[in-house]
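Proteins come first, then strands; the chains are lettered A, B, ... in the order of their sequence lines, and each starts at number 1.
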Amino acid sequence: MSSEELITQDDVTIRFAGDSGDGMQLTGTQFTATTAKVGNDLATFPDFPAEIRAPAGTRAGVSGFQIHFSSHDIYTPGDDPNVLVAMNPAALITNYKDLRPGGIILVNTGAFTEADLKKAELDSNPLTDGTLSGFRVVEEDINQRTMEALADTELSKKDKLRCKNFYTLGMIYWLYSRPLEPTLEWLQEKFKNKPELAEANAKVLKAGYNHGELLRLFQGHYEVPKVHDAPAGTYRNIMGNQGLAIGLVAGARLAGLKPFLGSYPITPATDILQHMSLLKNYDVITCQMEDEIAGICTAIGASFAGRLGMTTTSGPGLALKTEAAGLAVITELPLVIVDVQRGGPSTGLPTKVEQSDLLQAMFGRNGDAAVPIVACASPSDAFDCAVEACRIATQYMTPVILLSDNYIANGAEPWKLPDMDALKPFPVEFVTDPEGFTPYRRDEKLARNWAKPGTPGLEHRIGGLEKDAVTGNVSYDPENHQKMTEIRRAKVLGVRESIPTPEVHGAESGDLLVVAWGSTMGATRAAVERLQKDGVAAGHLHLRHIWPLPKGLPEIFARFKKIVVPEMNTGQLALLLQSEYPEFRFLKFDKVMGKPFRARELKAHFEEILEEKS
Amino acid sequence: MSSEELITQDDVTIRFAGDSGDGMQLTGTQFTATTAKVGNDLATFPDFPAEIRAPAGTRAGVSGFQIHFSSHDIYTPGDDPNVLVAMNPAALITNYKDLRPGGIILVNTGAFTEADLKKAELDSNPLTDGTLSGFRVVEEDINQRTMEALADTELSKKDKLRCKNFYTLGMIYWLYSRPLEPTLEWLQEKFKNKPELAEANAKVLKAGYNHGELLRLFQGHYEVPKVHDAPAGTYRNIMGNQGLAIGLVAGARLAGLKPFLGSYPITPATDILQHMSLLKNYDVITCQMEDEIAGICTAIGASFAGRLGMTTTSGPGLALKTEAAGLAVITELPLVIVDVQRGGPSTGLPTKVEQSDLLQAMFGRNGDAAVPIVACASPSDAFDCAVEACRIATQYMTPVILLSDNYIANGAEPWKLPDMDALKPFPVEFVTDPEGFTPYRRDEKLARNWAKPGTPGLEHRIGGLEKDAVTGNVSYDPENHQKMTEIRRAKVLGVRESIPTPEVHGAESGDLLVVAWGSTMGATRAAVERLQKDGVAAGHLHLRHIWPLPKGLPEIFARFKKIVVPEMNTGQLALLLQSEYPEFRFLKFDKVMGKPFRARELKAHFEEILEEKS
Amino acid sequence: MSVVQQLKAKDFKSDQEVRWCPGCGDYSILSGVQKTMADMGIPRENYVVVSGIGCSSRFPYYMETYGMHGIHGRANAIATGVKVANPDLSVWVITGDGDGLSIGGNHMIHSLRRNVDMKIILFNNEIYGLTKGQYSPTTPEGTKTKTSPYGSLDHPFNPIQLALGAGATFVARTMDVNPKHMKQVLQAAAEHKGAAFVEVWQNCVIFNDGAYKSWTEKAVRDEKTINLVPGEKMIFGKDRDKGLSTDGCRITVCSAEEASVWDPTVDSAGPAFMMTQLDNEPDMPRPMGVLRSVDRPTLDQQVWDQVGAVTGKKGEGTLKDLIYTPDCWVVE
Amino acid sequence: MSVVQQLKAKDFKSDQEVRWCPGCGDYSILSGVQKTMADMGIPRENYVVVSGIGCSSRFPYYMETYGMHGIHGRANAIATGVKVANPDLSVWVITGDGDGLSIGGNHMIHSLRRNVDMKIILFNNEIYGLTKGQYSPTTPEGTKTKTSPYGSLDHPFNPIQLALGAGATFVARTMDVNPKHMKQVLQAAAEHKGAAFVEVWQNCVIFNDGAYKSWTEKAVRDEKTINLVPGEKMIFGKDRDKGLSTDGCRITVCSAEEASVWDPTVDSAGPAFMMTQLDNEPDMPRPMGVLRSVDRPTLDQQVWDQVGAVTGKKGEGTLKDLIYTPDCWVVE
Ligand SMILES: Cc1ncc(C[n+]2csc(CCOP(=O)(O)OP(=O)(O)O)c2C)c(N)n1
Ligand SMILES: Cc1ncc(C[n+]2csc(CCOP(=O)(O)OP(=O)(O)O)c2C)c(N)n1
Ligand code: SF4
Ligand code: SF4
Ligand SMILES: [Mg+2]
Ligand SMILES: [Mg+2]
């Protein structure tokens, strides 16, 4: 191997940034796959423009992919990168500020012509005007190097140039001592039918790697040893939407049902539909409907027919589904509604992250129409949460809203696969005996019994009008409505009996409790751990169940002097907690920038809170 | 006049009940109109079945109309009637329990055959089986009397029988010493083209009146003197939906705009659309669209074009409008969204009252998308609230949600018309000067300026994507999104500066503060006044503005030992108040029976609260 | 599975009291559907009746089958879910001109193009009944209703044209006051494999009484409508003496002998569309009966075929396969 | 009001950078619309361009007119509000096959039947572009897309048929790669008083490249499409030697001399509907150009006429009239 100095690092963050056409997402994904195989823990964060192809070279067209990998457990894709790859001026100028002081910047000088600078709205060249002082800049004409590497290849110039991201990848592989094999294998498979492309990319990858080694561009290189104390088990690299897709299918299976997904594409939820449409051999039916309303309505129809109905969407789509969600509430049919949140209001920032649909999920239906809400925290948590949503939906005969967000959806991390034995089934029992059957007969959990069309003797009608608690016929009786309203409410609150009190991570009591939900989990945990290292008695409470809230929370809250709720919205969980537990004070800490919290900014804010007189 | 004893009463409640086909709504409306003219204060409550024509004679087919009238100020349609008119067994059996002990029941024995009793699911005749002991039952074969009165008339038997409600009305007019003239005039006008019907009904009306007088059926009769201390002014009898319709038109005028209503029929909001479609000569445009979404979207389009867009609906329709409401939030266009609430969830109890859309109105939109919310309390308050909604919408460039409910919609009361001088205009100034124009330029209230298509030089684009705070172009900039989110929030909260702190009615401080909103106002006020008479230091705070909440509330809350929030939902305002003012405890008192609170049940509950140890 | 017995119409009556206005056209459609279902040889438990909201949409409560009274305009979407989830069920949609063509218009046209195998019975009374008399998308222009006190301005849909334009495989029309004709048409719809769209002219006695009188009254019916029977000559008139001939792209009245033969099974929906033009010609009879009936794979069938094909190729996936994919690795 | 000047296409270019993929068919439609608008003699400030969501729906940002980038599927409804509120404006709707026919299908058909005077340009690329490649309601059956990895199963709409079925008064078709033809069609649409529906075949280079190649490529275009010109014979072919004749309700290929004359202004939409049948016949040219163009009062016009008529009859109502009605009484 190399004669360069090999420095061991514990924890590294790299950001790849380039034009949308530069293939940065692919580069990032390959680096991720290889890093997972090497045995590091990791977390990723892709960040791409809303346009399919924003004008080449512009700031709006910059596409980024960040990966944080480490030889210990990590929770976030990293605060400030150690390395920035900038494939053009726009990528450089929009990203260099995030780099940590002294960080490495690999610049593709092949894309720094006058015209390139102009497209990036730059008056002077940041490579020469002092902008980058304080960083270790490595300049390389990657375009040129790629062309050279492919000099004797029969490809068009355009096709050759498109290989340049593999040159970059090769250089970074060298810098972080990653093996080339996984990517080489992937190329073989990917371009099975176009061997010339497989070969060209492989050539370029190796050229980049060798270039790093030969030219000593980086004055040293690094290794990040694999996680030594990683729990034994089988791992898989997973993205959030993928985790949801297989979790939904698994959840239905555990309920003894076949899933039916009625959906309509919307960023960033579309992947779930896409992934599930591949799973036809798992008894999965997917219907891409004409709109979100039809999506949820087909799912309701499918549940009525005895499948487990599901629908996936993002905020604007959830808004459209609210009337039909109410129908599922009053007919008490199981249904899983997935909302992968994005920046709002309205179309808002469709490719950015936000957690601002929580109160819509809680209250966005006409009438008193509570539903259980589960929120996942990370790509690897998505599977479990999807199974949990299926459990609640089928065990309690209720629609459930499962909240994710754009950050989870597109982020990736290694997922320790569950033992098959640990996946406990919760089979649905359809009623088949006409004796004493009425549609609203309930079990001890208040769930009504479920009779499937096709079952002789159980013919019955349900619908959106209030129904008599006993006969199931339409009823306008005042007392009956009061009773049914209370039953529906009690049933949902009763889900509480089946969920554990969450554990506090960090200090069990003390100065500061940070309550977080959804994807703020990672950054919060990291920030709290750092506070603890500084000697602060801080704890982190993550809420997977938003509604009903688990039991035991007041006891936890009481053990801390201050409670803060960081959220990527204007304080929605805080509002809910404040109304539920008025005896405590919940401080808000909001960020609505379309970007996840950084552990560092959280820590800084927590320190401020701690200093304030209460 | 009569030789009977004339007893003066201060306060009377009458309930007319009969089959849907018996014309009870019309009877009630006529009694109301006459009573208004006589100068009583009054409040009414119609209660009819969901079916257009439920099967004749059944309990489900009973249609009721209650009127409370008085020689002093009243707030509700009355708790327990003094008089019940029962046109058939089903009407009798479903209503007699509400009557106060010793109350009068006028029964139409002509509809008490075996078959009639069976249709009402009665095994024995309540007139003879002791059911009605304790009441003063007046039996009369109204069918027969009506036929006799019309013996020499050329109508079919069916047509004759249809006049029987006027016989009933005549009897009750006599009982409460009302003049016949207003109804006689109304009949002339109504049946202009069918004089034979006008004459027949007039005949029957007089026959009923004379019958009451001649036969001394009631052992006395009553008068309810007109309100002596009624404020001088011009009055008009008004129903809630009518008040909203003219309030919306007036509000637009005061803003210097022409109204545009885009709507879709839904009970109990349809009347507003119907009423406004009559007002074409007031520059009103109404479009009945294909659904609720198109309704709000046309209104948004109309606002963009420079009219004042409005849309009217009930809960399920509001659910459908939420996505588009978000578009109005982010484009900052004025828009009034009226939700006349009914029983939920889903289709629920479409013809009954509930207040359960409050949190949907607050939070039922994707993203952080706050809007101001105004709620009206009674038919006569509807006009003012509609004007207020138009004021906020146009002064702050924002959608406003105006909440009413089924009880207000169909109830009627005398409305003291505003002095024309008191209606202060709040004219919109469209921007016309291209100098320095950008679409998101704001005034001191943070309202953006409004440029109307057709204005040269101000061509601009708005839309659902986040916009740059300065240029108005699409912006994905993180800081800009934070800034715009905060501006939108601050703008809505800023409405607070333009609304007065509501006054406490009753005790200014003391043992119990009752906080109410919407149509619970009347019953709450009555209950609190009764408590006060009993010497309790109780106050009533009515909230017209639900969001933002007015200033000065904590100061008020602090003056009372206990605070209770009665609501026709499972505690929605209480939740909101609890999260906003955690330093106080808000007790809930919920009722979801599709019926308004009675002052009596509120008082009883308040007394319980007062007795409880705190 | 129960043995298929010969069912009677009354076997399809639920215990709920029917609550339409006396004289409403809905009653005869209810009995028409009950009779048709009884004759199909399908066990009662395999019927699912789905509706939206409206007077007509109360229908499922009166049927002793599985049923769902949905939300306004969404019956077609709910029914699509039922049918695709379980193609063994016989799925019927009951909807109104408001429910199915106003708020539900989109689901209507999409379920027709997708050819989901379900029977869609549209009760067209040219009015919103349940909300007490507002104009609907089929109300003729100029009609005074509660929301059009000065006359409605919206040009109405022709439901048959809309269905044809959406690519429906079966389109038919019948009327409440002709039970025999209705039974024929409903049966043809029931037998069609695919989405069957049936417009039923239905009288609303309360808010739009007599809307179809000039075509459906016994005295004029034979002259003012023509029953299109597949494979038969197009003949009408009290004495069945008149015919229609489709000569050179124009439809003209001729003698019974000269009448052309009606064929709703041709590839092109063009001839059926031409036929609907008669609705606009006051002197011509309005077409009733089966206007279109062609075969095309149904969505539900295709979905299940695809699941079968993929499963056949890839093998049935186990829960373990789902989670433990080839790209995972082991940490010891 | 500014004096109407002779505007140029470039006067309609906003300062925003156009952000479609290089090679996207949207560019040529943008320039076609800009040219057409410039030639209409309408002041720039009187144009309003409304869109939904999709690649195509970014359109308003690139136009130096008033504009609203709405929400998905609702452009027609928003535009209806704009036009009815102010009929002096020239209102254009820009939509896609997903935006206008999937989620927005209902508003589309209703605005067509109502004949709201607006120009509706449907960018049909047979794919969802913005969400990166899922099948749309116009994607041919069997197409593999991201959500149909084993082939799509939904039978597509024919947008022209749907518009005709909805009762549209103007229906036309053109293609991105023939700017001259596009300009003619857009101009005809702009000149039509009423709802003008224009389907534009648009190539999505990224997710559905070449969808229309076999009809639109220069080499085959003249053979595989036919431009229907009102009042002219239906002639096609490279050498303009072939014609279509509508003989006895069937459309056949004939010599140019024998070709029938195309008339999109006839009462019945039947002939236009028949013509769309050619889309299903591989050996026939697909019809382009103006398929239907008839006069019918527009909704916006009628609304204003009615307001005028009622006001004329009742007199203009004052605020006082509104509140102080004859049934009020005075308490002294
Ligand atoms: C979301 C929603 N919008 C509106 C309504 C009110 N609504 C109920 S039925 C109906 C129209 C019914 O008309 P149609 O479908 O023709 O049925 P009909 O009563 O005439 O049989 C309307 C507007 C509703 N229930 N839900
Ligand atoms: C309510 C809602 N649902 C879904 C989406 C996601 N979405 C945006 S554009 C689009 C489809 C675009 O397809 P098309 O109209 O054909 O436009 P194109 O991009 O092909 O021009 C979808 C599904 C959305 N923005 N809003
Ligand atoms: S209102 Fe009309 S449609 Fe409804 S039940 Fe009565 S008659 Fe039938
Ligand atoms: S994705 Fe397709 S439709 Fe969208 S801009 Fe690119 S080429 Fe055009
Ligand atoms: Mg109807
Ligand atoms: Mg498209």
Part of [X] within contact of chain D (heavy atom distance under 4.5 Å):
X	result
Ser263(A)	neither
Met289(A)	backbone
Leu320(A)	side chain

Self-check item: Min side-chain heavy-atom separation Ile103(D)-Glu292(A) under 4.5 Å
Solution: yes

Practice problem: Find out whether Ile71(D) and Pro316(A) are in side-chain contact, i.e. whether some heavy atom of one side chain is under 4.5 Å from a heavy atom of the other. | Solution: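 Contact flag for Ile71(D)/Pro316(A) side chains = no.
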
Residue pair [X] / [Y]: nearest heavy atoms and the distance that separates them:
X	Y	answer
Arg19(D)	Pro55(A)	CG-CD, 3.3 Å
Gln288(A)	Tyr135(D)	NE2-O, 2.6 Å
Ser277(A)	Pro149(D)	O-CG, 3.6 Å
Ser102(D)	Tyr264(A)	OG-CE1, 3.5 Å

Report the distance from atom [atom1] of [X] to atom [atom2] of [Y], rounding to the nearest 0.5 Å.
X	Y	atom1	atom2	answer
His275(A)	Lys146(D)	NE2	NZ	14.5 Å
Ile53(D)	Ser346(A)	CD1	OG	7.0 Å
His72(D)	Thr347(A)	NE2	OG1	10.0 Å

Quiz prompt | Which portion of Leu130(D) sits near chain A, non-hydrogen atoms under 4.5 angstrom | solution = both

Self-check item: Under 4.5 Å from a heavy atom of chain A, the part of Pro137(D) involved
Solution: neither

Self-check item: Distance-only polar pair, side chains of Thr147(D) and Gln274(A), donor-acceptor under 3.5 Å
Solution: no

Quiz item: Where the side chain of Tyr150(D) meets the backbone of Leu278(A), is there a donor-acceptor pair that is under 3.5 Å apart?
Solution: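 Yes, the answer is positive, given that a donor and an acceptor are paired below the 3.5 Å cut-off.
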
Quiz item: Can you tell me if Thr131(D) uses its side chain to pair, donor with acceptor, with the backbone of Ile266(A) under 3.5 Å?
Solution: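 Looks like no, no N/O pair under 3.5 Å.
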
Quiz prompt | Lys258(A) NZ: over 12 foreign heavy atoms closer than 6.0 Å | solution = no

Practice problem: Using a cut-off of 6.0 Å, state whether more than 12 heavy atoms not belonging to Asp15(D) lie near its atom CG. | Solution: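 Yes, because the 6.0 Å sphere around CG of Asp15(D) holds more than 12 heavy atoms from other groups.
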
Quiz item: Run the side chain to side chain contact (heavy atoms under 4.5 Å, CB included) check on Thr270(A) and Lys132(D) step by step: do they pass?
Solution: CA-CA 9 Å; Thr270(A) 316; Lys132(D) 308 198 172 170; over 6 Å; no

